[in-house]
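Here the structure is laid out as structure tokens; the discussion comes afterwards.
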Amino acid sequence: MEVLLLKKERLNGFIEKLQQDFEVIAPLKGDVIRFLPLKNPDDIFLGKNAYFPIKEYFFKKNEVLFQFNGTKIIVPELPSKKRAFFGLRRCDLNAIKHQDMVFMNDIHDPYYTAARKDSYLIGYHCNTAPSPYCFCGSLELADYFDLMVYDKKDDFLVEIGSSKGKGMAKKYASLFSKTSKKISEEEKKIPGSDRLEKKDISLFYNNSDWKKGTDLCLSCGACTALCPTCYCFETHDEVKTSNINEGERKRNWSSCQLQEFTRVAGEHVYRKDREERFKHRIFHQLEYFKEKHKVPLCVGCGRCIEGCPTRIDFVDILNNMKVENG
Amino acid sequence: MGKLKVGVYGITGCAGCQLSVIFNEDEILDIVELVDLRAFPFIKEVNPEEEFDCVIVEGLVADRGDLKTLKMLRRNSKMLVSLGACACTGCVPAYRSFTLKENYEHLLYRKMEEIKDVEPTPLDAHILVDHYIPGCPPEKKEILSFIKGLVRGSIPRPYQSPVCVECRQNGNTCLLDQGKPCLGPITAGGCHAVCINGGFECWGCRGPTEDMNLDLMVRMLRDRGFDDKFINDRLRTFAGLKLPMLEKVMSGKAHKTETTFRGVRVFYE
């Protein structure tokens, strides 16, 4: 794909240009790194990947689906906002790709689509794995960006990945210079990020090693909240006190790690056992999604491990799992 | 059909939970429209004590008078709701159960006959409780949702997932990582993690979750340098009598223990 050159001293100029046309969301450093609306381009922090995922900008934590009054249903206006996301890693971009598959291809989710529609994705390539928990190299991630920025010591190389990206390159052409350089497949690999060994995990469903994870599991749902791909939610109604026939239906994030997630009428809980819930997450991420979409849902960002209060490393557990007989 | 007859009562407690009902000040007039608030002795002078569709009770049973009132309310109401930590778990007043009687008896109890032979206990130790609204204090919006649900015929389930769920969604990082003794992982949420949002660790005021991994929670607190006395005290402050397995877990002898959690029988392993 087409590659342009951006001189290092011009990065801030590029961001400032973006700010004139978009609301820019970028990784900022506070107590941890978060994707937040950017004010000053100098605040962008690219030293490490963000602790919190990008998904909240598209698949919102809390969202009003519709208002009702008796049997009348009013769907709220869903304005789209022109936003440019800067500093997305390869894992973040693929997480967006996988959520797009769920909310825009499998079904048409108007809320997700509205939030996603006018967003421009500008990636930042990791030259080395930014965190010891990373394992994206084991997951065959795809190119999924409008622009991708590669840090090549003296300069940035910017790869164009879509027509949206092309439009941006054209609009801000004065900042870029032409180059004959190309980004090879080898350069897209991230050294030190392939620690998940390839094996057929369907052989391990009943393995006794899962205990290593569940003994350390609080079922707190940190893993699924921090996961950039987890997309499960629940819905509930809130009615007005002045008129109990009038109210709102809301949806908010839920988690397969909770008993409440599979509780049905009659107090039956499908996955009551902690181990069942723990395994379900791993199998959905690595197996079940793949059966339907040909790619694993997991993008190997390692946030579920970094953010776990007990640092359960499912990659380590899987790597050490051996086929048991009987 | 007429309005549902509702009563709000307090037995031994600080009246803070009843205040939480009234603190819905923007909606209090709507509540009175929605239900027949027959009895609310804390703010009303005339309180007929018969035929309720629902009574909401704050506080715990700490003396013979409490027990009499509670049984009377249960007899007179189709539905009974535990309001607040004391009513749901026993909370701080239940601490009396964990210390020897001779340590405190001479102070007050010798003079007060009606207290002497009643152990401080949550409501469900004596009567059937239909619904629980936990917390110290309870969430005022949750009380409101309950009343609306009662009228609509669809009472919301109590929030049974841990505090961590809302805490992470609020964008907080884990206080346990900072070495603070946060009880969020074993405590029922629904509070929007208000304490942790303010940088203060969870003390467990909404009671333990049905699904808690108590053994791991104790290990994590020990790993962070807290001694067993501290852990015991902190865990029991709000969980009151709802952690009967704690002693076994602390001594490493945890095995199947039966307890009741919000009226549901639970096996703790």
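Chain identifiers are assigned alphabetically (A, B, ...) following the order of the sequence lines, protein sequences preceding nucleic acid strands; residue numbering begins at 1 within each chain.
- In this structure, B/M212 and A/R274 approach most closely via the heavy-atom pair O-NH2, 3.4 Å.
- Interface with chain B: from residues 207-225 of chain A, residues A/T214, A/D215, A/L216, A/C217, A/L218, A/S219, A/C220, A/A222, A/A225 qualify, criterion being any non-hydrogen pair under 4.5 Å.
- A 6.0 Å sphere centred on OH of A/Y205 holds more than 12 heavy atoms belonging to other residues, nucleotides or ligands.
- When B/R157, B/E27, B/M220, B/R219 are compared by the number of non-hydrogen pairs under 4.5 Å with chain A, B/R157 comes out ahead.
- Between B/G171 and A/R34, the shortest heavy-atom distance links the atoms O-NH1, 2.6 Å.
- Residues of residues 231-243 of chain A that come within less than 4.5 angstrom of chain B, heavy atom to heavy atom, are A/D237, A/V239, A/K240, A/T241, A/S242 in numerical order.
- Among the residues in residues 303-311 of chain A, those with a non-hydrogen atom closer than 4.5 angstrom to a non-hydrogen atom of chain B are A/G307, A/P309, A/T310, A/R311.
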Stepwise side chain to side chain contact (heavy atoms under 4.5 Å, CB included) check, A/V269 with B/E210:
CA-CA 12 Å; A/V269 177; B/E210 187 182 320; 5.9 Å; no
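- For B/E33, no part lies under 4.5 angstrom from a heavy atom of chain A.
- For a residue to count as touching a neighbouring chain, one of its non-hydrogen atoms must lie under 4.5 Å from one of that chain's; by this rule B/I31 touches chain A with backbone and side chain alike.
- Proximity to chain B at a heavy-atom threshold of 4.5 Å picks out A/Y51, A/F52, A/K61 from residues 50-64 of chain A, in numerical order.
- The side chain to side chain contact (heavy atoms under 4.5 Å, CB included) with B/D211 is formed by just one residue from the set A/Q257, A/K272, A/Q259; it is A/Q259.
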